[in-house]
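Since the structure comes first, as structure tokens, the remarks are kept for the end.
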Amino acid sequence: MIFLVILIIAVGAYIFWKKRNNDSEWVKQRIKGRSDDQVKVIRYFCNEDGCLSKRMKDEEYDQMVKERLNSMNFKQKALNKIGLDESEVQEIEPVHFEGFKYGKNTLSRLGKDNMWRSSAYQVSWLFFSSTQVYLYQYTFNMDEDGKRESTEEYFYKDITNFSTSSDTEETPIYDPAKKETVLKNIDTNRFALTVPGDKFYCAMDQNEYTERAIQAMKAKLREKKNS
């Protein structure tokens, strides 16, 4: 009887251990050298659901991204990078866009709420002087230390249009059955600043704020073109 109890406990402990250590070899290689939070993110995008599996919920990942955002004053970072005081760029209110960024260097997952999430997040700020538009963009990765920061500036006379763009991004999705990433097309919304021969894209969540902001930008562009 004692032996049976010990056996049941041992089997239960083994099953629990297997559930708690359900990383594939691909995941194990990916998490090497990562911070605790980065490991959690990689497991969120790659591990299967399970009552005992090491995978955070969608809302936990959203909170993690929000905390990262709140830890950085991107508006001030943008002004510092551009090298201007906010009083110099008050032609209209500064505009910001943000959202998950998709592409070949990211991981993505479709949440239980039917919303796509990515391991990369992008923040963009636009400032407007009397003659130019200044754009600052910062992209950070939740699964690694990588980041990308850039600035651009355009004269109103060179800008063709401000618009939104619905695009399909080919993005890696981890397939637990194959234990590797596969490419999947994900529909995304982006803001686009168009100049002759080129477009500058900003990841964004489309909502009432972005709609109002883009309309205000278009109105200012028309005013400058007609002046």
Side-chain angles (χ1 to χ4, degrees), residues 22-49 54-58 60-62 64-69 72 74 77-78 81 96-126 135-152 163-195 197-206 210:
N22 62 344
D23 297 331
S24 68
E25 286 302 317
W26 189 94
V27 173
K28 288 176 182 176
Q29 290 298 316
R30 185 88 179 211
I31 64 178
K32 281 184 177 179
R34 304 298 187 199
S35 69
D36 289 345
D37 281 346
Q38 290 167 353
V39 169
K40 290 178 184 177
V41 169
I42 294 168
R43 284 174 171 154
Y44 166 75
F45 283 104
C46 300
N47 284 359
E48 296 182 83
D49 289 321
K54 290 182 177 179
R55 196 181 84 79
M56 73 176 90
K57 299 181 185 300
D58 298 329
E60 291 177 285
Y61 180 64
D62 291 342
M64 184 178 286
V65 173
K66 184 178 179 180
E67 289 174 0
R68 180 78 173 272
L69 283 169
M72 305 175 75
F74 282 110
K77 282 177 68 70
K81 193 73 174 179
H96 74 278
F97 301 109
E98 62 180 72
F100 290 111
K101 186 178 185 302
Y102 301 89
K104 292 184 178 179
N105 295 321
T106 67
L107 285 171
S108 297
R109 186 182 186 98
L110 184 64
K112 289 187 176 181
D113 54 3
N114 208 37
M115 300 289 289
W116 282 102
R117 291 168 175 83
S118 167
S119 58
Y121 201 85
Q122 188 174 85
V123 180
S124 303
W125 275 91
L126 290 89
L135 194 151
Y136 168 85
Q137 191 170 87
Y138 190 101
T139 306
F140 60 85
N141 298 315
M142 295 295 294
D143 60 333
E144 60 181 358
D145 294 330
K147 67 180 179 67
R148 182 178 179 183
E149 189 177 31
S150 63
T151 60
E152 299 285 347
S163 63
T164 56
S165 174
S166 296
D167 303 288
T168 299
E169 289 284 329
E170 193 173 57
T171 301
I173 307 295
Y174 185 77
D175 186 330
K178 295 181 178 180
K179 299 189 185 305
E180 63 182 20
T181 56
V182 296
L183 294 177
K184 181 177 178 62
N185 290 327
I186 298 177
D187 294 329
T188 65
N189 292 314
R190 296 188 292 176
F191 166 77
L193 185 156
T194 307
V195 294
D198 197 14
K199 282 188 177 183
F200 193 97
Y201 290 102
C202 303
M204 72 168 200
D205 291 326
Q206 200 159 12
T210 58

Heavy-atom count around [X] [atom1] within 6.0 Å, excluding the residue itself: above 12?
{"X": "Asp113", "atom1": "CG", "result": "yes"}
{"X": "Asn105", "atom1": "CG", "result": "no"}
{"X": "Arg68", "atom1": "CZ", "result": "yes"}
{"X": "Met115", "atom1": "CE", "result": "no"}

Minimum heavy-atom distance between [X] and [Y], given as atom pair plus value:
{"X": "Lys28", "Y": "Asp23", "value": "CE-O, 3.5 Å"}
{"X": "Glu144", "Y": "Gln38", "value": "C-NE2, 3.3 Å"}
{"X": "Gly103", "Y": "Thr171", "value": "N-OG1, 3.2 Å"}
{"X": "Cys46", "Y": "Tyr174", "value": "O-CD2, 3.0 Å"}
{"X": "Arg117", "Y": "Gly111", "value": "NH1-CA, 3.8 Å"}

* **Polar side chain donor-acceptor pair, Asn189 to Asp205, under 3.5 angstrom** =>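 No donor-acceptor contact under 3.5 Å links the two side chains.
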
* Asked: With distance as the sole criterion, is a donor-acceptor pair present between the side chains of Asp37 and Ser35 under 3.5 Å?
  ->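 Ser35 and Asp37 do not have a side-chain donor-acceptor pair below 3.5 Å.
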
Below 4.5 Å, heavy atoms only, C-beta onward: do [X] and [Y] meet side chain to side chain?
{"X": "Val182", "Y": "Pro172", "answer": "no"}
{"X": "Thr210", "Y": "Phe191", "answer": "no"}
{"X": "Tyr201", "Y": "Asp167", "answer": "yes"}
{"X": "Phe100", "Y": "Trp116", "answer": "no"}
{"X": "Ile186", "Y": "Ser108", "answer": "yes"}
{"X": "Glu60", "Y": "Lys40", "answer": "no"}

Donor-acceptor contact below 3.5 Å, side chain [X] vs main chain [Y]:
{"X": "Ser118", "Y": "Lys101", "answer": "yes"}
{"X": "Asp175", "Y": "Lys178", "answer": "yes"}
{"X": "Asn185", "Y": "Thr168", "answer": "no"}
{"X": "Gln122", "Y": "Ala203", "answer": "yes"}

* Asked: Are Asp58 and Arg109 ion-paired here, with the side-chain N under 4.0 Å from a carboxylate O?
  ->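 Salt bridge: no.
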
* Asked: In terms of side-chain geometry, is the basic nitrogen of Asp143 or Arg34 positioned less than 4.0 Å from the acidic oxygen of its partner?
  ->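 Salt bridge between Asp143 and Arg34, a charged N being under 4.0 Å from a carboxylate O: no.
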
* Asked: With Tyr102, which residues qualify under ring pair (Phe, Tyr, Trp, His ring centres under 6.0 Å), at least two apart?
  ->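 Partners of Tyr102 by the ring pair (Phe, Tyr, Trp, His ring centres under 6.0 Å) criterion come out as none, since no residue qualifies.
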
* Asked: From Cys202 SG over to Leu135 CG, what is the distance, rounded to the nearest 0.5 angstrom?
  ->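 Reported to 0.5 Å precision, the distance equals 4.5 Å.
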
* **CE on Met142 to CE on Met64, rounded to 0.5 Å** =>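 Here the rounded value is 5.5 Å.
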
* Can you check whether Tyr61 and Phe45 have ring centres sitting under 6.0 Å from each other? ->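 Tyr61 vs Phe45: aromatic centres under 6.0 Å.
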
* To do: Step by step, work out the side-chain contact (heavy atoms from CB on, under 4.5 Å) result for Leu107 and Arg30.
  => CA-CA 12 Å; Leu107 285 171; Arg30 185 88 179 211; 3.9 Å; yes

* Using the side-chain contact (heavy atoms from CB on, under 4.5 Å) rule, take Phe200 and Asp198 through it: C-alpha gap first, then chi angles, then the decisive distance, then the call. => CA-CA 7 Å; Phe200 193 97; Asp198 197 14; over 6 Å; no

* If a pair satisfies salt bridge (charged side-chain N to carboxylate O under 4.0 Å, His left out) and one of its residues is in residues 179-189, list it, with sequence neighbours excluded. =>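 Qualifying pairs, neighbours excluded: none.
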
* Please walk me through it: do Trp26 and Thr181 pass side-chain contact (heavy atoms from CB on, under 4.5 Å)? -> CA-CA 9 Å; Trp26 189 94; Thr181 56; 3.5 Å; yes

* **Partner of Ser124 under side chain to side chain donor-acceptor pair (under 3.5 Å), chosen from Gln137, His96, Glu98** =>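 Single pass found, and it is Gln137.
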
* Working for side-chain contact (heavy atoms from CB on, under 4.5 Å), residues Lys81 and Tyr138 -> CA-CA 11 Å; Lys81 193 73 174 179; Tyr138 190 101; over 6 Å; no

